[in-house]
Amino acid sequence: MTTLQEQFDATVAHSDRIEPRDWMPEGYRKTLVRQIAQHAHSEIIGMQPEGNWLTRAPSLRRKAILLAKVQDEAGHGLYLYSACETLGVSRLELTEMLLAGAQKYSSIFNYPTLSYADVGTIGWLVDGAAICNQVPLCRTSYGPYGRAMVRICKEESFHQRQGYELLTTMMRGTDEQRAMVQESVDRFWWPALMMFGPPDADSPNTVQSMEWGIKRNTNDDLRQRFVDMSVPQAEALGVTLPDPALRWNDERGHHDFGEPDWEEFMAVVKGNGPCNAQRIAHRRRAHDDGAWVREAALAFAERSAEESRA
Ligand code: BYC
C-alpha cells in the first residue's frame with residue numbers, strides 16, 4: 001500500500017496537479033500560502049503606483065486604458081486570494097498579516113511613479129517581468145494557483161502591450177517626451193530585475209519549491225530570460241538600458257549584465273524602500289474604510305440564511 005507522502009511525490013513527479021482535497025505536506029501548504037498571498041498582495045498594492053496617475057491621464061483614451069488595467073490588477077488579487085483560501089486561510093486573515101508586516105508584497109511597488117512615462121515603463125518592464133515569472137507558474141503543481149495564473153497571464157500580456165505602445169508613442173514625440181521615457185527606464189530597470197528575487201545562491205526557498213513543482217525555474221534563469229527579451233525591445237524603442245556591463249555573450253548565447261544592488265533590494269524587502277510606509281498606510285486606510293461593506297455583506301448573508309431556514 002502506498003503512503004500519502006508517496007502518492008503526493010508521484011503526483012508531483014508526473015507533473016500532475018495537487019488539488020485542495022489531496023493530502024499535502026505541511027511545508028508545501030505553508031510555502032504555497034506564503035507565495036500565493038505575497039502574489040495577491042502585490043497585485044492589490046500594485047494598484048497604487050499606477051492609480052496615482054488616473055486623475056491626471058493625458059487623454060480620455062489613456063485614462064480608459066489605465067482604468068481597465070488597474071481594475072484588472074484588483075481582479076488578479078481576488079483570483080489569487082481565492083486560490084489561497086483553498087489552503088485553509090481566509091482573505092481577511094491574509095490581509096491582516098499583510099497589514100501587520102507578517103507577509104510581504106513585491107519590492108517593485110515601493111518605488112514612486114514620478115511621471116506619466118512611468119505608466120508605460122511599468123507596463124513594459126514590470127508587467128514584462130511579471131509575465132516572464134508567471135508563464136511558467138501556469139504549470140505549477142498546485143491546481144488552483146496554476147489555473148488562476150492562466151487567466152492572469154492573458155491579461156498581463158495586454159498590460160505589457162499598452163505600456164510598450166505608450167512608450168512608442170512618446171518616443172515618436174518631442175525631445176522632452178523622449179527624455180521622460182529614458183529617465184523613467186533609468187529608474188525602473190534595476191528594480192525590475194530585482195522582482196525575480198535574490199540570486200539563486202541566496203534564495204532559501206528555490207530548491208525546495210522546485211522539488212515540489214511550485215516553481216518551475218530559478219530566480220536567475222528567469223532574470224536572464226527577461227534581460228534577453230528586453231534588450232531588443234529597448235533597441236526597437238530607442239532607449240538605453242542603464243547597465244554599462246550589458247552585452248551579448250556569443251559563447252553563452254545570452255546577454256551578460258551587471259549585478260543589481262542587493263543591499264537596496266534587502267532594504268526595500270525589509271520595509272525601508274522609498275514608499276513602503278505610504279503603501280501600507282494607504283492599504284490600511286482602504287481596509288478600514290471598507291469595514292462597513294464587509295459588515296453589511298455579513299449581516300445580509302445572515303438574514304438571508306435565517307429567512308430561508310424560516
Ligand atoms: N519582493 O527564496 P526566495 C505584478 C522574498 S505582481 C519582495 O527566492 P521564493 C503586478 C521571498 O518572499 C508581481 N520579496 O523566495 C501587479 C522570500 O521571503 P521569505 C508579484 C521578495 O518565493 C500589479 C525571500 O525574499 N509576482 O506583477 O522562492 C501591477 C527569499 O526569496 C522578492 C509574484 O509574486 C521581491 N521581489 O521566490 C503590475 C510571483 N523576491 O518569505 C504588475 C510569484 C523574493 O522567505 N512569486 N522575495 O522571508 C514568485 O515567483 C516567487 O515568490 C519569487 C521569490 C520569485 C518572487
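In each ligand, atom 1 is the first atom listed, and ligand 1 is the first ligand listed.
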Student: If you define the side chain from C-beta out and look only at heavy atoms, does anything of Tyr164 sit under 4.5 Å from Leu237?
Tutor: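 Yes - at least one pair of side-chain heavy atoms lies under 4.5 Å apart.
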Student: Do the ring planes of Tyr79 and His76 sit parallel (below 30°), tilted (30 to 60°) or perpendicular (above 60°)?
Tutor: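 Aromatic pair Tyr79/His76 classed tilted.
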Student: List, pair by pair, the atoms of ligand 1 and of the protein that are both N or O and lie under 3.5 Å apart, giving the separation rounded to 0.1 Å.
Tutor:
unit_1   : atom_1 : unit_2 : atom_2 : d
ligand 1 : 1 (N)  : Ser107 : N      : 2.8
ligand 1 : 1 (N)  : Ser107 : OG     : 3.4
ligand 1 : 2 (O)  : Ser203 : OG     : 3.0
ligand 1 : 2 (O)  : Pro204 : N      : 3.3
ligand 1 : 2 (O)  : Asn205 : N      : 3.0
ligand 1 : 2 (O)  : Asn205 : ND2    : 2.9
ligand 1 : 8 (O)  : Ser203 : OG     : 2.7
ligand 1 : 8 (O)  : Asn219 : ND2    : 2.8
ligand 1 : 12 (O) : Arg34  : NH1    : 3.3
ligand 1 : 12 (O) : Gln38  : OE1    : 2.8
ligand 1 : 12 (O) : Gln38  : NE2    : 3.4
ligand 1 : 14 (N) : Gln38  : NE2    : 3.4
ligand 1 : 15 (O) : Asn205 : ND2    : 3.3
ligand 1 : 18 (O) : Lys104 : NZ     : 3.3
ligand 1 : 22 (O) : Arg34  : NH1    : 3.0
ligand 1 : 22 (O) : Arg34  : NH2    : 3.3
ligand 1 : 28 (O) : Lys215 : NZ     : 2.7
ligand 1 : 36 (N) : Ser107 : OG     : 3.1
ligand 1 : 36 (N) : Met194 : O      : 3.4
ligand 1 : 36 (N) : Met195 : O      : 3.3
ligand 1 : 37 (O) : Lys215 : NZ     : 2.9
ligand 1 : 45 (O) : Asn205 : ND2    : 3.1
ligand 1 : 48 (O) : Lys104 : NZ     : 2.6
ligand 1 : 50 (O) : Asn133 : ND2    : 3.0

Student: Does the ring centre of Tyr81 sit less than 6.0 Å away from the ring centre of His41?
Tutor: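 Here the rings of Tyr81 and His41 have centres that are less than 6.0 Å from each other.
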Student: Ring centroid separation for His282 and His287, is it under 6.0 angstrom?
Tutor: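 No, too far apart.
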Student: With clusters defined by side-chain heavy atoms of hydrophobic residues (ILVMFWY) lying less than 4.5 Å apart, directly or transitively, does Ile214 cluster with Val89?
Tutor: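 As far as the 4.5 Å side-chain criterion goes, Ile214 and Val89 are connected within one cluster.
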Student: Please check this pair: side chain of Asp228 against backbone of His255, looking for a donor-acceptor N/O pair closer than 3.5 Å.
Tutor: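 Looks like yes, one N/O pair under 3.5 Å.
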